[in-house]
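Reading through the structure tokens given below for one structure.
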Amino acid sequence: MEKALEEARNAGTLQDLERVRAAYLGRSGLISEIMKSLGRLAREERAEAGRAANAFKDSLGKLIEERRAALQAGMPAGSGFFDYTLPGRWRGLGSKHPVSAVIEEAARIFGKLGFTVAEGPDVETAYHNFEALNTPSHHPSLSPSDTFWLDTGELLRTQTSPVQIRVMESRKPPVRVITPGRCYRRDTTDATHSANFHQIEGLYVDQKVSLADLKGVMAYFAREMMGPKVAVRFRPHFFPFTEPSVECDFSCHICGGSGCRVCKNSGWIEIAGAGMVDPRVLRTVGYDPEIWSGYAFGMGIERIAMIRFGIKDIRMFYENDIRFLESLA
Ligand code: PHE
């Protein structure tokens with residue numbers, strides 16, 4: 001009996017398996033021989049032997065069926081051998097979304113400089129998103145045509161800067177954090193705008209922090225993220241919660257600075273808003289601006305991902321087209 005099971009298990013082809021089946025379960029196979037001979041036994045023995053023969057028939061039958069399925073699955077239809085040279089079935093390989101890839105890389109780079117990661121809620125209070133950031137209630141960014149307001153009086157945060165406030169409210173200086181997250185603005189979607197996008201905020205508050213520190217950190221980050229050839233420049237700007245404020249551009253990664261469609265022929269791509277934390281903001285969270293100073297920046301993650309991965313349309317990030325994600329793998 002063991003021998004029959006063993007033979008079925010080892011059958012390498014459908015033909016072998018059929019031979020095993022015929023030898024044991026076929027019309028003139030072993031089982032039918034046994035069944036025929038049962039009549040010669042005494043009555044008590046007959047019942048016992050019949051049960052044993054049936055049990056054997058069932059288990060061998062089952063094993064043969066399983067083996068047959070396994071052989072058929074591994075073989076091209078109609079052929080009697082397994083072709084090891086055939087290509088396997090491609091099940092597809094997942095890849096990291098570029099937004100996640102940039103967040104992880106930024107956490108690694110800033111991690112080396114002593115920054116830890118903090119997070120805040122997507123649904124924010126007007127206090128954290130605007131007021132504590134020194135943004136007056138008549139500021140145009142509060143208007144319902146710019147900001148998604150909720151019935152509760154809260155809003156979908158328009159920037160990651162409110163996390164600065166939350167971090168400073170809950171910790172004593174010095175602080176050194178980056179805060180990646182989703183932001184929402186009522187922007188009309190086009191190749192470079194989306195109502196939903198991501199930023200990485202950075203905040204460093206300590207004694208005697210200067211604009212030169214900010215510049216050094218941005219230049220370091222740019223080189224680590226884009227490679228050694230990237231140049232960084234600051235342009236004067238205005239934000240209610242920083243003074244002085246700047247906008248930070250990276251030289252265009254795609255044309256190397258000579259001008260192309262992506263950088264609109266300027267050779268530069270705007271990456272971040274930044275500046276020295278306004279003393280009023282420090283006072284609001286209970287930090288003494290006579291002792292503490294700091295810088296903050298907010299970078300657009302999709303912008304970075306677009307130039308790093310050569311993506312020409314921001315909408316690609318959200319359409320979840322498997323071909324787009326595969327092209328980045
Ligand atoms: N929150 C600003 C924006 O979304 C960027 C910024 C962050 C500017 C931190 C200065 C300091 O445009």
Side-chain angles (χ1 to χ4, degrees), residues 99 102-103 106 110 115 117-122 124-136 139-143 146-148 155-169 175-187 192-206 209-218 221-222 232-250 269-282 284-285 287 289 292-305 314:
V99 169
V102 169
I103 292 175
F110 284 109
F115 287 78
V117 176
E119 281 181 303
D122 289 21
E124 261 300 1
T125 63
Y127 175 78
H128 287 95
N129 198 84
F130 293 121
E131 196 182 330
L133 288 163
N134 201 29
T135 311
H139 194 276
S141 63
L142 272 81
S143 99
D146 282 4
T147 296
F148 292 103
L155 49 85
L156 298 181
R157 67 177 173 200
T158 60
Q159 50 190 354
T160 42
S161 301
V163 191
Q164 283 186 41
I165 302 297
R166 290 185 177 274
V167 167
M168 289 191 284
E169 278 173 345
V175 294
R176 205 194 297 245
V177 292
I178 58 163
T179 75
R182 238 172 228 276
C183 305
Y184 307 80
R185 286 183 200 172
R186 274 193 190 272
D187 274 338
T192 53
H193 292 88
S194 163
N196 176 208
F197 58 98
H198 297 75
Q199 288 186 334
I200 299 178
E201 192 86 3
L203 173 70
Y204 175 41
V205 180
D206 206 334
V209 180
S210 76
L211 196 68
D213 296 321
L214 171 63
K215 205 164 176 196
V217 162
M218 293 309 279
F221 171 75
V232 174
R233 76 173 182 189
F234 278 11
R235 282 177 292 112
H237 200 75
F238 174 82
F239 295 104
F241 39 92
T242 45
E243 179 59 36
S245 301
V246 296
E247 267 190 334
C248 178
D249 301 337
F250 291 0
I269 296 178
E270 186 190 312
I271 296 290
M276 301 307 293
V277 182
D278 194 292
R280 275 186 68 140
V281 173
L282 294 175
T284 303
V285 296
Y287 287 10
W292 305 103
S293 56
Y295 62 71
F297 55 81
M299 310 192 280
I301 298 183
E302 283 83 353
R303 286 277 171 86
I304 295 172
I314 200 168

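Read the numbers this way: they start at 1 and go in the same order the structure lists the ligands and their atoms.
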message = If the cut-off is 4.0 Å to any non-hydrogen atom of Q164, which atoms of ligand 1 fall inside it?
response = 9 (C)
task = Please work out which of the three classes, parallel, tilted or perpendicular, describes the rings of F250 and F221, given edges at 30° and 60°.
result = tilted
ask   = Considering all heavy atoms of both residues, which atom of I103 and which atom of I200 are nearest to each other, and what is their separation?
value = CA-CD1, 4.4 Å
note = Ranked by distance from atom 6 (C) of ligand 1, the top protein heavy atom is G273 O, 3.5 Å
task = Report the nearest protein non-hydrogen atom to atom 12 (O) of ligand 1: residue, atom name, distance rounded to 0.1 Å.
result = F239 CE2, 3.6 Å
query = Distance only, no hydrogens: is a donor on one side chain within 3.5 Å (strictly under) of an acceptor on the other, for Y204 and D213?
reply = no
inquiry  = Does the residue F241 have a heavy-atom contact with ligand 1, meaning some pair of atoms that are separated by less than 4.0 Å?
reply    = yes
query = Is it the side chain (CB and beyond), the backbone, both or neither of S161 that lies under 4.0 Å from ligand 1, heavy atoms counted?
reply = side chain
key: Close aromatic pair by centroid cut-off 6.0 Å: F110 and F297   = yes
inquiry  = For atom 2 (C) of ligand 1, what's the nearest protein heavy-atom neighbour? Residue, atom name and distance, please.
reply    = Q159 OE1, 3.7 Å
request  = Can you sort out which atoms of ligand 1 are near G298, meaning under 4.0 Å from one of its heavy atoms?
outcome  = 6 (C), 7 (C), 9 (C)
inquiry  = Only heavy atoms of Q199, strictly under 4.0 Å: list the atoms of ligand 1 that pass.
reply    = 3 (C), 4 (O)
remark   = Rounding to 0.5 Å, atoms NE2 (H128) and CD1 (I165) come to a distance of 7.0 Å
task = Taking N196 for its side chain and C183 for its backbone only, find out whether a donor-acceptor pair lies under 3.5 Å.
result = yes
query = What atoms in ligand 1 come closer than 4.0 Å to a heavy atom of T242?
reply = 10 (C), 11 (C)
key: Audit row: R166, E119, salt bridge (charged side-chain N to carboxylate O under 4.0 Å, His left out) steps and yes/no   = CA-CA 9 Å; R166 290 185 177 274; E119 281 181 303; over 6 Å; no
key: Nearest-option assignment for atom 3 (C) of ligand 1, heavy atoms, candidates E201, R185, E247   = R185
ask   = At a non-hydrogen distance cut-off of under 4.0 Å, which region of F297 contacts ligand 1 (side chain, backbone, both, or neither)?
value = backbone
